[in-house]
2 protein chains.
Amino acid sequence: MTDDEKLPAWCSGEGWCPLTATAGMISKKWHPVIIHRLLDDGDKGFNDLKKEVSGISSKVLSESLDDLEDKGIVERTVISEKPFRVKYALTERGEGLEPAINEMIKWGRENMKEASSEEESIV
Amino acid sequence: MTDDEKLPAWCSGEGWCPLTATAGMISKKWHPVIIHRLLDDGDKGFNDLKKEVSGISSKVLSESLDDLEDKGIVERTVISEKPFRVKYALTERGEGLEPAINEMIKWGRENMKEASSEEESIV
DNA sequence: CGGTATCCTCATTGATACTG
DNA sequence: CAGTATCAATGAGGATACCG
């Protein structure tokens, strides 16, 4: 921890809070996974992404991507018009989320593996 | 990063994914702030918390706390019956979220301060 | 103090189908 | 390939009031 061990009181509602702000950016059902997919493999087309985030519908992926683009986390580039093709990549800002994502993964690994092995033993 | 620089493909939907799991735990509007409040000051009563997470209603705080308790992140203790009093604290598992929360805060600070100063100049 | 009970509204998701 | 349109379903979140 450097200089953020304590958040000012205004973080609790009256003003702008970096935690609330960040949560607002990525606290959507699919955002973390989409960002993570983009983090570890680089550029992808729409359907590549759809395959890797399996379970997501075109509509929701599209909306999520739009949202992430608005927020400056993802960048969309049209790479060809004739066979229409785009690519999605993280912006610099988006890549900056890597530590946060990784901490989330780490926590998930540490704290939910027992739950998942219990599940297995129930099965 | 230790051993989580790349998540297996099954993270994309078919199986259990630590990232999705973690996101599922804390991706609620008030969860990160509540956890953070509990992180930096220790035990709190219901109304202490309500004051610090200003803007939240009793109902939503109560629901959030129940949810966090179910998930083993928060622990509720009744400390006295006569003047009825409870305290909320993070469990060990909950405290383990500190790095993730801190990374979120860090990211928020780095990436949204420009946006907030722009806002000021608009105002 | 520490919550519940209601009721209501809006946002998010999902399934399905269709388009340039 | 890369989406959009539509519509239905769910559920999170909020306002207000009340209870042990």
Side-chain angles (χ1 to χ4, degrees), chain A residues 12-14 17 19-21 23-35 37-38 41-71 73-89, chain B residues 12-14 17 20-35 37-38 41-71 73-89:
Chain A
S12 303
E14 307 88 30
C17 163
L19 177 56
T20 304
M25 298 291 254
I26 64 172
S27 280
K28 301 259 171 182
K29 181 165 182 182
W30 300 100
H31 286 196
V33 189
I34 293 171
I35 294 168
R37 267 16 280 181
L38 253 15
D41 285 296
D43 302 355
K44 286 171 200 291
F46 186 87
N47 285 309
D48 298 330
L49 223 33
K50 193 179 166 185
K51 254 167 258 156
E52 295 199 31
V53 186
S54 96
I56 198 169
S57 68
S58 293
K59 184 197 152 199
V60 175
L61 177 57
S62 175
E63 285 172 351
S64 304
L65 253 8
D66 284 353
D67 187 45
L68 289 167
E69 211 188 336
D70 287 347
K71 287 167 173 161
I73 290 172
V74 160
E75 184 182 34
R76 189 185 101 126
T77 314
V78 176
I79 42 183
S80 87
E81 289 287 353
K82 203 44 200 319
F84 189 53
R85 210 168 266 277
V86 299
K87 68 166 188 184
Y88 288 96
Chain B
S12 304
E14 307 89 29
C17 163
T20 305
T22 304
M25 298 290 253
I26 63 172
S27 279
K28 301 261 171 180
K29 181 163 183 185
W30 301 100
H31 286 197
V33 189
I34 293 171
I35 294 167
R37 268 16 279 183
L38 254 15
D41 284 297
D43 303 356
K44 286 170 199 291
F46 187 86
N47 286 308
D48 297 330
L49 223 32
K50 194 178 165 186
K51 253 167 259 153
E52 296 203 27
V53 185
S54 96
I56 198 169
S57 67
S58 293
K59 183 201 152 196
V60 174
L61 177 55
S62 176
E63 285 171 352
S64 303
L65 252 9
D66 283 353
D67 187 44
L68 289 168
E69 210 188 337
D70 288 346
K71 287 169 173 160
I73 291 172
V74 160
E75 185 182 34
R76 190 185 101 126
T77 313
V78 176
I79 42 182
S80 89
E81 289 288 352
K82 204 44 201 319
F84 189 54
R85 212 168 264 278
V86 298
K87 66 167 188 182
Y88 289 95

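Residue numbers begin at 1 in each chain, while the letters A, B, ... track the order of the sequences.
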Q: Would you kindly give the CG-to-C1' distance between B:Leu65 and C:dC1, to the nearest whole Å?
A: 14 Å
Q. Salt bridge (Lys or Arg N to Asp or Glu O under 4.0 Å) with B:Asp66: which residues, sequence neighbours excluded?
A. none
(Q) Please find the pair of heavy atoms, one from A:Val53 and one from A:Arg37, that lie closest to each other, and give the distance. (A) CG2-CG, 3.7 Å
Q: Kindly state each residue pair satisfying side-chain hydrogen bond (donor to acceptor under 3.5 Å, both in side chains) with at least one member in residues 77-89 of chain A, sequence neighbours excluded.
A: A:Asp43-A:Lys87
Do any N or O atoms of the protein come closer than 3.5 Å to N or O atoms of nucleotides 14-18 of chain C, and which pairs are they?
residue: C:dG14; atom: OP1; partner: A:Lys29; partner atom: NZ; Å: 3.0
residue: C:dG14; atom: OP2; partner: A:Trp30; partner atom: NE1; Å: 3.4
residue: C:dG14; atom: N7; partner: A:Lys59; partner atom: NZ; Å: 3.2
residue: C:dG14; atom: O6; partner: A:Lys59; partner atom: NZ; Å: 2.3

Q: List in chain and number order the residues that pass side chain to side chain donor-acceptor pair (under 3.5 Å) with A:Ser62, two or more places apart in sequence or in another chain; answer none if no residue qualifies.
A: none
Q: Quantify the bending of the helix from C:dC1-D:dG20 to C:dG20-D:dC1 as the angle between its end axes, each fitted on five pairs, to 10°.
A: 60°
Q: Using the closest heavy atom to pick a nucleotide of DNA chain D for each, name whichever of A:Gly45 or B:Lys28 lands nearer the 5' end.
A: A:Gly45
Q: Report the distance from atom CD1 of A:Ile34 to atom C1' of C:dT12, rounded to the nearest whole Å.
A: 13 Å
Q. On DNA chain D, which is the earliest and which the latest nucleotide, 5' to 3', with an atom closer than 4.0 Å to a heavy atom of chain B?
A. D:dA12 to D:dA15
Q. What pairs with A:Lys29 under salt bridge (Lys or Arg N to Asp or Glu O under 4.0 Å), at least two apart in sequence or on another chain?
A. none
Q) How many Å lie between CG on B:Leu61 and P on C:dA5, as a whole number? A) 16 Å
Q | Protein-nucleotide distance (A:Lys82, atom NZ; C:dG20, atom P), rounded to Å | A | 16 Å
Q) Any side-chain N or O of B:Tyr88 less than 4.0 Å from the OP1 or OP2 oxygen of C:dC1? A) no
Q | salt bridge (Lys or Arg N to Asp or Glu O under 4.0 Å) against B:Lys50, all qualifying residues, sequence neighbours excluded | A | none
(Q) Rounding to an integer number of Å, can you tell me how far B:Glu63 CD sits from C:dA5 C1'? (A) 11 Å
Q) Roughly, in whole Å, what's the span from NE2 in A:His31 to C1' in C:dA11? A) 13 Å
Q. Starting at CG of B:Asp48 and ending at P of C:dC1, how long is that distance when rounded to a whole Å?
A. 8 Å
Q: Applying salt bridge (Lys or Arg N to Asp or Glu O under 4.0 Å), name anything that partners B:Asp48, two or more places apart in sequence or on another chain.
A: none
